[in-house]
Amino acid sequence: MKPIQFDYYAPTSVDEGLDKLTELGYDGKVLAGGQSLIAAMNFRMARPAALVDLNRIPELAYIKPTDDGGLAIGTMTRVRRVEQDAEVAKRFPLLREVAQFIGHAQVRTRGTFGGAIAHADPAGQLPAISMAMNANLLVCSKTGERWVNATDFIFGPFMTVLEPQEMLAEVVLPPNPPRTGSVYKQVSRQKGGYAQAAVIAIMTLDEAGACQNVRLVMMSVGETPIVSEKAVEILVGQKPSEQAFKAVAEAVVTGEIDPATDLHATADYRRQLVRVLVVRALTEACERASKGG
Amino acid sequence: MGAIGKSIKRVDALGKVTGNALFPGDINKPNQTYAKILFSNVPHARIIKIDASEAEAMPGVVAVLTAADVPVNEYGLNNMDQPVLCGPGAVKPYTDRVRFIGDQIAVIVAESEAIATRARDLIKIDYEMLPVVTDPLDAMKPDAILLHPDKGSNTFGHYLIRKGDVSNAFKQADVIIEAEYRTPAQEHVFLQPEAGIAYIDEEGRVTVEASGQWVHEDQHQIAHALNLPLEQVRVIYPAIGGAFGGREDISIQIALALAAMRLHERGIERPVKIIWSREESIIGHHKRHPYIIRSKWGATREGKVIAAENELIADGGAYYYTSTKVLGNATLMCTGPYEIPNVHVDSYAVYTNNIPNGAFRGFGGPQGAFAAEMQMDKLAEALRMDPVEIRMKNILHTGSLLSVGTPIPGQVNLEEVLRQCALKAGWHETPSGWQLKASMKNQGDDGSKRRGIGIGVAFKNIGFSFGYQENCTAEIELHGDAEIDQVILKHAGAEVGQGAHTVFIQMAAEALDVPIDKISLIASDTAVTGNSGSVSASRMTFMAGNAIRGAAALALEKWQNEERPTVATYTYLAPKTTPYDPHTGRSEPNVAYGYVAEAAEVLVDVETGELKITKVICADDVGKAISPNLVKGQIEGAVVQALGYTTIENFIQKDGYTLTKNLSTYVIPTVLDVPDEVESIILEFPEERGPWGARGMAEMPVLPLAPAICAAVKQATGVWFDEFPLTPERILTGIGEFEN
């Protein structure tokens, strides 16, 4: 199918873009890489009256190291660039690891880092990653800007706190403390296809080898990515152990996720996957953390 | 000389990589109209009334055609049991019924596709819903609702084989294996969904340019439905975006031709164009048949299979299509490439309200081979015998009697094909027989990952079977004075991506002893080319080669006699075959065969059920590789398609409705899902009936891969899977790690 008729604007600066978004209000929709939005429009699941295309605003594409050891990534930075950037690989090896699971090379070459987060697809890797990495998101509008934590940014499938006149401008990833290990695990029917279930684990160990902090996020098993509270409850302050990881997996499966049955897998199978992937992800994250991250 | 046996640049390569090649959807003509087809969207119903008045009144609508507009409202490749358009108003009884969701009801012709689509949605159908039957076992019951009441039964095909005495032989057997196998449907997913354009050509012929596999058969079916003399219908194939059997049957061709003819009759001289979406393609054309195969085989302690009893039930879907032909092949191949003295087979094709099932690369072979190879592996296990060893003990040799009681034609090199595959895959021959090397028996110690290896072997017919007089026509023109300056080869054979046209030119160059660049090809146009038969049954290299060789010999003879220009036409008639005897199944089924052995290495994650095919080794006796690169391409392509069939693809229909209507739900392997390594072993044992010894080969690698993978998964997990696709969930459930 083809999209319904829509107006198209291609601002060349952030100010111009924000002006246009303010003018359009609920009729306007930001176009970033278009890897999800255009398909949704072709299927007529999305019917924006007007698109504001950010692709001609070069100032929105960048990867800048921050002084504290983190990174600031401009919203229009292509996923492929994030995947291949040496500084990203050094500071956040997880991003390179996860990128290979995002669609195919063509999708990543076009798709953007910020666009994927703002799209908030519950089956998308980057919204879940932004939550796991505790990202801070810079949201701009004509009248000002605000910072939103990724966990507060997404509140439902394809739903974020972005107002129509706002755009996501920058994603700031805080640095990993020393002795942090991170891992992404997924099972899908087809490489580059949607995950049937996926798990992200980021674990920081203290000097004594106990778990200082853990972020465990499940994906494709609920309406949004799910940040586990049980993992924190069970692991923080404790020496990591296989038994503890299994306890986390069981607590997550029984209390925190709500997978659905679809054509590709039953809810029960997805629970089983989470059970296995949580233990694998925590184990590997812990190993990496103990090697220094 | 020397034009064959080497990999020349494909003659269609430049056009396809530059985008200059025109596929049906790319063809536009001045003043064209656009068509949409209204599908029934219900699996079983009688149409009481069609109200198209609103659609007809819509501005921009040129015509709305329904059943009453079809001169002879029936078509079908092997049996004309399908209405062109379902609905009241036709003379033939029961054409007012729809029997699957893709049955066509109306053709809407409009100024744009958008208008045609909107008009289609304004057509009101008054249905009387009928009970839906989707399980062939239910459809076979005496009280089942009949899809075609005039036929008296839903079972529309039955073959049997009675060789020797199985019940007595089972008494002699030291081991007996019984199992029920289920193979799934498969969608072709050719790159280019159905599309075409129809118009009245300069000589007044109703002309259809669309994709297909056999221009003359399309022409025949169109002419029949339109009640036109054959010569008043012309079918032309432009570039074709894949076929795999999925274009054997009619999809849009008759609807388009009907529209062009009716517009012309109304004084509207405008071409009609249609492009199906992927969803329309998936609903609108047939699938590979799901089969239920019940097997009981017995062997002696020494590993000699002495009895094989099989019952096959094929879900034919709503219409006949090629079901009985597919069934004929499956009936022959369900006992594998083995010489078994006592064979008892019954096979049935059954109507259901599922999407019709029909031709798909392998054509009954993969289903039959799955049961046969699984049975061999289980017998080997029960006898503590190596799977290669048991196959070697039973394999067909030159002169062996087939299950149908006649010797297999030609030289049979199966033992060598299997030997080469087995050696490459990790087997070796010891004084006590074939053994898998100890290092390959290890399941591995990589945590939850288990390794396994399996092997399978198969034979595949070349050409149409069971009494069909195989034929193929080629025409050659020689131009020049003292020397041949230019050769024009006219041949109807379809280039569906397999490289047929390149091979035709190589064979013509070889036969005429002229350089390849002197030959130009005019192809696939019923107005110009003689009947070639279909590109199916792995037959085109074999049949076209023989036709081209014959035409070349005639042309050279005329050239010697100074005819300028020379025109020579030759129709190759293959040696005769015979149909199944209705009481014993005895027959001489096929002209020739190709032989294949395939080994698969897998890695199974026993905690998640994930299955990775790490390596496939495929040994194929192709007789003569006219173009080795194209042969390799066919092997690798077939391996990927068979891998999808076995592991990833999962076509789901529920109560007659298709749930996997697009490529996000019907998932197929991408380049990232192919095995790490596919090793093609191209063997050239000449087939005496083939041109330069060539057999056909494009289907056979599909046959043994599913059972080879299942055997590998068995080695890795200890569990037999008698049903596929091997989705992670099925594997995990099967190995008992998880209860669903």
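In what follows, chains are A, B, ... by sequence order, proteins preceding strands, each numbered from 1. Just so we're clear, the structure is a prediction, and the values are computed from it rather than from any experiment.
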- Item | Heavy-atom contact with chain A under 4.5 Å, split by part of K654(B) |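 The answer is neither part of K654(B).
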- Query: Which answer fits T117(B), side chain, backbone, both or neither, if we ask what part of it has an atom under 4.5 Å from a heavy atom of chain A?
  - Reply: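 Neither part.
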Contact summary for [X] and [Y], nearest pair of heavy atoms:
{"X": "E610(B)", "Y": "Q186(A)", "result": "OE2-O, 4.2 Å"}
{"X": "Y269(A)", "Y": "T608(B)", "result": "OH-O, 2.5 Å"}
{"X": "Q190(A)", "Y": "I668(B)", "result": "NE2-O, 2.5 Å"}

- Message: So for L273(A), is it side chain, backbone, both, or neither that comes closer than 4.5 Å to the heavy atoms of chain B?
- Response: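 Contact with chain B involves the side chain of L273(A) alone.
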- Message: Need one label for V276(A): side chain, backbone, both or neither, based on atoms under 4.5 Å from any heavy atom in chain B.
- Response: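 Contact with chain B is through the side chain of V276(A) alone.
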- Query: Pick from L611(B), T670(B), T660(B): which one has the most heavy-atom pairs with chain A under 4.5 Å?
  - Reply: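 Greatest number of close heavy-atom pairs with chain A: T670(B).
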- Is R189(A) salt-bridged to D673(B), cutoff N-O under 4.0 Å?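 Salt bridge between R189(A) and D673(B), a charged N being under 4.0 Å from a carboxylate O: no.
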- Looking only at heavy atoms, which of residues 639-653 of chain B get nearer than 4.5 Å to chain A?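 The residues closer than 4.5 Å to chain A, in numerical order, are T647(B), I648(B), E649(B), N650(B), I652(B).
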Please say whether more than 12 non-hydrogen atoms of neighbouring residues, nucleotides or ligands are located less than 6.0 Å from [atom1] in [X].
{"X": "Y194(A)", "atom1": "OH", "result": "no"}
{"X": "Q84(A)", "atom1": "CD", "result": "yes"}
{"X": "K612(B)", "atom1": "NZ", "result": "yes"}

- Might you work through the side-chain contact (heavy atoms from CB on, under 4.5 Å) test for R280(A) and E607(B), ending with a clear yes or no? CA-CA 11 Å; R280(A) 287 185 184 179; E607(B) 289 177 357; 2.9 Å; yes
- Query: CG/D268(A) to OG1/T733(B) distance, rounded to the nearest 0.5 angstrom?
  - Reply: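 The OG1 atom of T733(B) is 9.5 Å from CG of D268(A), to the nearest 0.5 Å.
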